[in-house]
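The sequence lines fix the lettering, A, B, ..., with proteins before strands; numbering per chain opens at 1. Everything numeric here is computed off the predicted structure, so don't read it as measured data.
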2 protein chains.
Amino acid sequence: MEGVSTRLSQLFVRTLREDPSDAEVSSHRLLVRAGYIRRQAPGIFSWLPLGLKVRRKIETVIREEMAAAGAQEVLFPALLPREPYEATGRWEEYGDGIFRLKDRKGADYLLAPTHEEVFTLLVKDLYNSYKDLPLSIYQIQDKYRDEARPRAGLLRGREFSMKDAYSFDYTDAGLDASYQAQRDAYERIFTRLGLEYVIVQADAGAMGGSRSEEFLHPTPIGEDTFVRSAGGYAANVEAFTTLVPVRDVDIATLPPAKVLPSPGTPTIQTLVDLANAEYPKPDGAWTAADTLKNVVLALTHVDGTREIVVVGLPGDRDVDMKRAEVAFAPAEVEAATEADFEKNPLIVKGYIGPWSALGPFLGEESATGIRYLLDPRVVDGTDWITGANEDEKHVFGLVAGRDFFGDGWVEVAAVRAGDPAPDGSGPVELARGMEIGHVFQLGRKYAEALDLKVLDENGKLVTVTMGSYGIGVTRILAAIAETTADDKGLLWPAEIAPFDVHVIAAGRDEAAFELAEKLVAQLEAAGKDVLYDDRPKLGPGVKFNDAELLGVPKIVIVGRGAAEGVVELWDRRSGERGDVPVAEALSALS
Amino acid sequence: MEGVSTRLSQLFVRTLREDPSDAEVSSHRLLVRAGYIRRQAPGIFSWLPLGLKVRRKIETVIREEMAAAGAQEVLFPALLPREPYEATGRWEEYGDGIFRLKDRKGADYLLAPTHEEVFTLLVKDLYNSYKDLPLSIYQIQDKYRDEARPRAGLLRGREFSMKDAYSFDYTDAGLDASYQAQRDAYERIFTRLGLEYVIVQADAGAMGGSRSEEFLHPTPIGEDTFVRSAGGYAANVEAFTTLVPVRDVDIATLPPAKVLPSPGTPTIQTLVDLANAEYPKPDGAWTAADTLKNVVLALTHVDGTREIVVVGLPGDRDVDMKRAEVAFAPAEVEAATEADFEKNPLIVKGYIGPWSALGPFLGEESATGIRYLLDPRVVDGTDWITGANEDEKHVFGLVAGRDFFGDGWVEVAAVRAGDPAPDGSGPVELARGMEIGHVFQLGRKYAEALDLKVLDENGKLVTVTMGSYGIGVTRILAAIAETTADDKGLLWPAEIAPFDVHVIAAGRDEAAFELAEKLVAQLEAAGKDVLYDDRPKLGPGVKFNDAELLGVPKIVIVGRGAAEGVVELWDRRSGERGDVPVAEALSALS
């Protein structure tokens with residue numbers, strides 16, 4: 001097939017010397033400076049011809065791998081009615097995170113952040129038998145999220161392109177197979193795009209469901225923190241689960257707890273200092289890890305009600321609010337406010353103890369209505385220094401499972417490097433990553449809410465089980481730009497570069513332009529898409545700078561040697577440049 | 001290049017025997033029944049694999065012709081901030097016709113109905129010299145309009161795909177050339193798509209600007225009425241202008257007007273009857289054409305104010321409200337209500353006369369504040385029977401230009417077959433059409449509002465002149481479906497059919513399936529995209545019906561003759577079927 005050439009003098013582009021003032025990351029800076037995109041509003045961008053070409057090439061890779069995975073392409077609207085999202089509870093759950101609007105008749109609509117509901121309903125509309133399954137369908141479509149802090153250019157936008165796929169099966173084994181097919185396709189896609197990734201266990205969050213993995217691109221500018229062990233465990237910190245320690249003691253043999261005065265110790269540090277001074281540990285020194293910290297959190301439920309909960313965790317751990325968000329979703333969570341404490345005078349700030357153990361709440365926990373949740377490390381038989389629910393008093397040697405119990409467990413403690421991986425594969429290290437893909441097993445949540453059933457082999461109606469699989473198209477474009485760029489500009493992998501070759505007619509020599517034109521025509525005939533810098537009045541320096549900024553990996557300079565039929569091959573990545581006869585350049589590039 | 005085959009047993013589709021209850025037109029009925037689209041909400045559709053394939057093929061034709069016309073592809077967001085639309089006045093002008101929304105910070109956004117403003121601003125951002133021009137850029141993108149009555153499936157949707165192009169020039173001649181290039185591209189696109197069209201003069205409506213033509217597809221289900229003369233004139237009725245009659249009389253010689261009693265004549269018909277009975281015409285009989293009808297209209301301006309206007313037109317003409325909408329745009333127009341008459345007691349319903357001539361308003365027209373506008377046929381020297389602005393009285397022989405004057409001219413009278421074309425090319429006939437494309441010369445309206453200027457050859461800042469060019473992608477898909485379908489189902493032109501060939505394995509004969517598989521593989525190797533009906537347990541009748549409904553123009557039936565290597569070629573359009581050896585079928589289809 002013939003290639004196509006584009007003259008830079010005609011291309012709708014303008015390169016900038018200065019960084020845009022609002023750009024926080026290099027992909028944003030360079031994509032704007034190189035004339036690939038322009039900001040239209042916070043988190044909303046327009047695509048110029050160069051940017052659109054790269055975007056389309058990424059889409060092509062995704063489409064090819066979706067087809068290879070047996071997924072069929074469909075296309076849904078962005079503007080959707082409220083009802084299906086109401087049925088699954090997401091209309092409310094999304095809170096401020098989605099764009100809602102009304103039509104002229106007052107009916108409620110949203111700009112879809114993701115399409116589980118309507119895919120489910122479409123399959124329900126068309127299919128009714130196990131024979132129709134498995135089915136995997138996908139779309140490449142613009143999504144909308146009203147992010148509180150759109151940032152980093154395309155990396156967290158409010159209008160962005162996603163490939164979202166959904167699988168439909170009627171058995172768990174079928175779902176596993178469909179999930180694996182998408183997961184494999186994702187691996188192929190990121191490999192083809194040259195984008196490094198780590199597959200980590202993830203929490204399904206607002207999506208519901210069971211198995212869930214994220215493809216994270218490791219990068220210091222990533223918004224996600226993940227952990228991994230040398231033994232192969234990897235998880236998003238939100239999904240990390242604590243390896244529950246074994247406490248092999250006979251609770252009955254432990255000494256009884258003692259309430260002791262502890263004036264002026266509202267913090268863990270002051271408490272540890274006082275304990276070491278006044279009540280020394282028999283076999284060493286008390287540390288924060290010997291204390292049980294009780295943190296008061298306020299949840300706002302989807303229905304608007306506010307709930308106070310108290311969480312007990314080792315005193316050397318902080319609450320990680322991102323983990324807390326996941327743990328309490330769909331409720332929103334924040335630290336309790338002064339007003340919360342005022343409304344609950346029985347909570348003695350600085351001296352809070354377990355609800356069910358001591359102090360004014362002894363045996364009265366149900367009357368307080370306040371749930372008390374425990375970190376998984378607070379296993380039966382562990383003993384703690386903790387608040388006595390009385391001002392300036394703490395209790396020593398309070399034993400979990402003997403003196404107090406929680407109303408449940410909760411994973412909100414911050415994860416630290418060195419924590420053991422839950423699968424026993426050793427200590428974890430922490431790293432930053434950017435989510436570039438996500439595969440979920442939704443299970444039957446959506447099918448149940450929307451009543452998607454099929455007849456199985458025995459003529460019995462069974463609820464369908466689903467998977468949901470997303471790749472952020474515009475985000476991975478930015479991620480690739482970010483990771484491949486150097487200090488001179490963008491630098492695309494060949495598969496998604498906007499052009500195969502960038503030919504520069506350098507200087508004002510007629511011979512250079514003539515030879516360049518000829519070379520461009522020959523490259524076109526060889527099936528190459530060529531960007532031809534034909535601008536007549538610019539010096540070579542400007543053209544070289546633009547070529548470096550635009551990021552086509554293969555460059556040919558047609559300049560001084562043109563009269564002798566010699567051109568210069570320039571490898572943008574290695575920086576190597578060398579004179580070769582034009583015929584050799586042509587064969588090297590074809 | 002290898003083709004791709006799709007097994008019907010695997011394809012995400014379900015054909016329906018019954019028409020969907022909400023379908024008004026055959027394209028909608030058939031696209032739903034054949035499993036190409038599904039309705040998601042009024043005027044909002046989802047695209048199944050078959051529908052999406054056809055849509056993409058239409059887009060490809062458009063992209064190729066846009067490239068041939070020198071236009072470059074870009075892509076803008078659908079979600080846009082209010083400000084640019086505020087600057088051009090369209091935020092208000094669109095009234096209820098667009099979707100507006102607020103983000104979490106309360107900032108105003110809209111779902112863009114068309115993108116003139118942001119294209120203008122992008123060019124302003126990038127370019128500043130005449131050397132950068134001409135420029136034509138386009139996008140294929142989803143648009144939103146909050147139609148009062150979404151109807152006819154894809155023909156008038158609320159979310160729909162458009163190709164919108166914009167040209168930028170700094171001279172009028174440049175704009176003419178850019179306009180012509182787009183106009184030529186449109187002719188090529190519709191010709192390639194096999195879609196009959198008529199190019200008609202159009203009113204630019206809310207878009208502003210000067211030269212404007214619509215591409216109408218003649219069809220009885222079209223929402224537009226257009227006129228054309230044998231001599232080549234063609235216009236949308238909204239854009240039709242009246243050929244002003246010549247009245248060669250000496251006004252002074254005409255007899256004076258006479259006010260006469262006309263009891264019980266509030267309508268044109270009762271008036272004509274009374275006139276013929278009581279005041280016979282010297283040279284024949286009075287007809288409605290001798291009367292001047294005065295119609296009271298109420299305008300609602302963009303700022304919300306309501307204005308009453310009176311329009312005088314020949315009594316044998318009605319007001320065409322669509323023409324009135326255009327004539328008074330951006331104000332909205334409706335017939336005056338009872339409340340309007342009550343507020344304006346000087347308007348004597350049924351006996352209204354020209355404001356500036358007789359009755360209580362004689363000489364007081366400015367004091368009433370009510371504009372009086374005239375149909376162009378009411379030229380100076382024409383004489384009329386009309387209301388005397390007094391109950392049960394009319395005036396006879398009232399002469400325009402002597403006894404009364406208008407405050408202006410207005411084109412609101414309905415156009416009739418036989419009316420003379422304004423260019424003198426003879427009488428017009430009326431027909432129905434569907435708008436499938438629109439080319440406009442916007443001129444400098446948007447560039448002025450948004451301050452888009454470039455330096456010309458003399459270093460002087462000049463305002464850019466623009467064109468705007470739109471094709472409704474999803475609408476033309478429906479138009480093609482509508483015009484090519486027959487009573488058996490869809491019937492696509494080869495260029496945009498979802499597949500090149502539809503192969504049916506008919507019967508339950510193993511040999512048929514084996515031969516069909518082989519043929520499919522050979523067609524694939526020959527570069528054909530094949531739909532293969534491999535469903536094992538269905539009888540031939542069901543498969544034939546589905547094939548007719550799905551509309552792939554070339555069908556091969558592999559059935560009884562399979563053992564002898566004979567297949568049946570079926571031309572979906574002509575209905576012809578004939579047995580041929582499989583090798584012959586292969587070469588006929590390749």
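Heavy-atom pairs under 4.5 Å with chain B were tallied for Pro81(A), Gly70(A), Gly35(A), Ala78(A); the largest tally goes to Ala78(A). Annotation: maximal heavy-atom pairing with chain B below 4.5 Å, among Leu135(A), Val74(A), Leu126(A), occurs at Leu126(A). Taking Leu52(A), Leu101(A), Val123(A) one by one and counting their heavy-atom pairs under 4.5 Å with chain B, the maximum is reached by Leu52(A). Residue with the most contacts toward chain A among Ile137(B), Leu11(B), Ile44(B): Leu11(B) (heavy-atom pairs, distance under 4.5 Å). Among the candidates Val4(A), Thr6(A), Asp125(A), the residue making the largest number of heavy-atom pairs closer than 4.5 Å to chain B is Asp125(A).
By the neighbour-count criterion of 12 heavy atoms within 6.0 Å, atom CD of Glu2(A) is densely surrounded, having more than that number from other residues, nucleotides or ligands. The local environment of CD in Glu332(A) is sparse, with at most 12 non-hydrogen atoms from other residues, nucleotides or ligands closer than 6.0 Å.
Neither the backbone nor the side chain of Glu83(B) has a heavy atom closer than 4.5 Å to any heavy atom of chain A. Looking at Val13(A), the atoms closer than 4.5 Å to chain B (heavy atoms on both sides) all sit in the backbone: N, CA, C or O. Heavy atoms closer than 4.5 Å to chain B are found in the side chain of Leu80(A), but not in its backbone. At a 4.5 Å heavy-atom cutoff, the contact between Arg56(A) and chain B is made by side-chain atoms alone. Residue Phe45(B) touches chain A through its backbone alone, counting heavy-atom pairs closer than 4.5 Å. For a residue to count as touching a neighbouring chain, one of its non-hydrogen atoms must lie under 4.5 Å from one of that chain's; by this rule Arg55(B) touches chain A with the side chain only. Using a 4.5 Å cut-off between heavy atoms, Ala107(B) does not touch chain A at all. At a 4.5 Å heavy-atom cutoff, the contact between Ala148(B) and chain A is made by backbone and side-chain atoms alike. Both the backbone and the side chain of Glu73(A) come within less than 4.5 Å of a heavy atom in chain B. Only the backbone of Glu147(A) comes within contact range of chain B, with at least one heavy atom under 4.5 Å from a heavy atom of that chain. Using a 4.5 Å cut-off between heavy atoms, Lys131(B) does not touch chain A at all. In this structure, the portion of Lys102(A) lying under 4.5 Å from any heavy atom of chain B is its backbone and not its side chain. Leu121(B) does not touch chain A: none of its heavy atoms, backbone or side chain, sits under 4.5 Å away. Neither the backbone nor the side chain of Ile37(B) has a heavy atom closer than 4.5 Å to any heavy atom of chain A.
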Please evaluate residues Leu122(A) and Leu48(B) with respect to the criterion side chain to side chain contact (heavy atoms under 4.5 Å, CB included), reporting the C-alpha separation (whole Å), side-chain torsions for both, the decisive distance (0.1 Å), and the verdict. CA-CA 9 Å; Leu122(A) 184 64; Leu48(B) 278 63; 3.9 Å; yes
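At least one donor-acceptor pair closer than 3.5 Å links the side chain of Gln72(A) to the backbone N or O of Gln10(B). A distance-only check finds no donor-acceptor pair linking the side chain of Gln40(A) to the backbone of Pro77(B) [under 3.5 Å].
Considering every non-hydrogen atom in both Phe12(B) and Tyr127(A), the closest pair reads CA-OH, 3.4 Å.
From His115(A), atom NE2 reaches atom OG of Ser46(B) across 7.5 Å, with rounding to the nearest 0.5 Å. Taken from OH in Tyr144(B) to CG in Leu111(A), the straight-line distance is 7.0 Å, to the nearest 0.5 Å. Atoms CZ and OH, on Arg158(B) and Tyr109(A) in that order, are 3.5 Å from each other to the nearest 0.5 Å.
Asn128(A) has its side chain within reach of Arg14(B): a pair of non-hydrogen atoms, C-beta onward, lies under 4.5 Å apart. Side-chain atoms of Asp142(B) and Leu79(A), non-hydrogen and from C-beta on, never get closer than 4.5 Å to each other. You'll find the side chain of Val118(B) stays beyond 4.5 Å of the side chain of Arg38(A), heavy atoms only.
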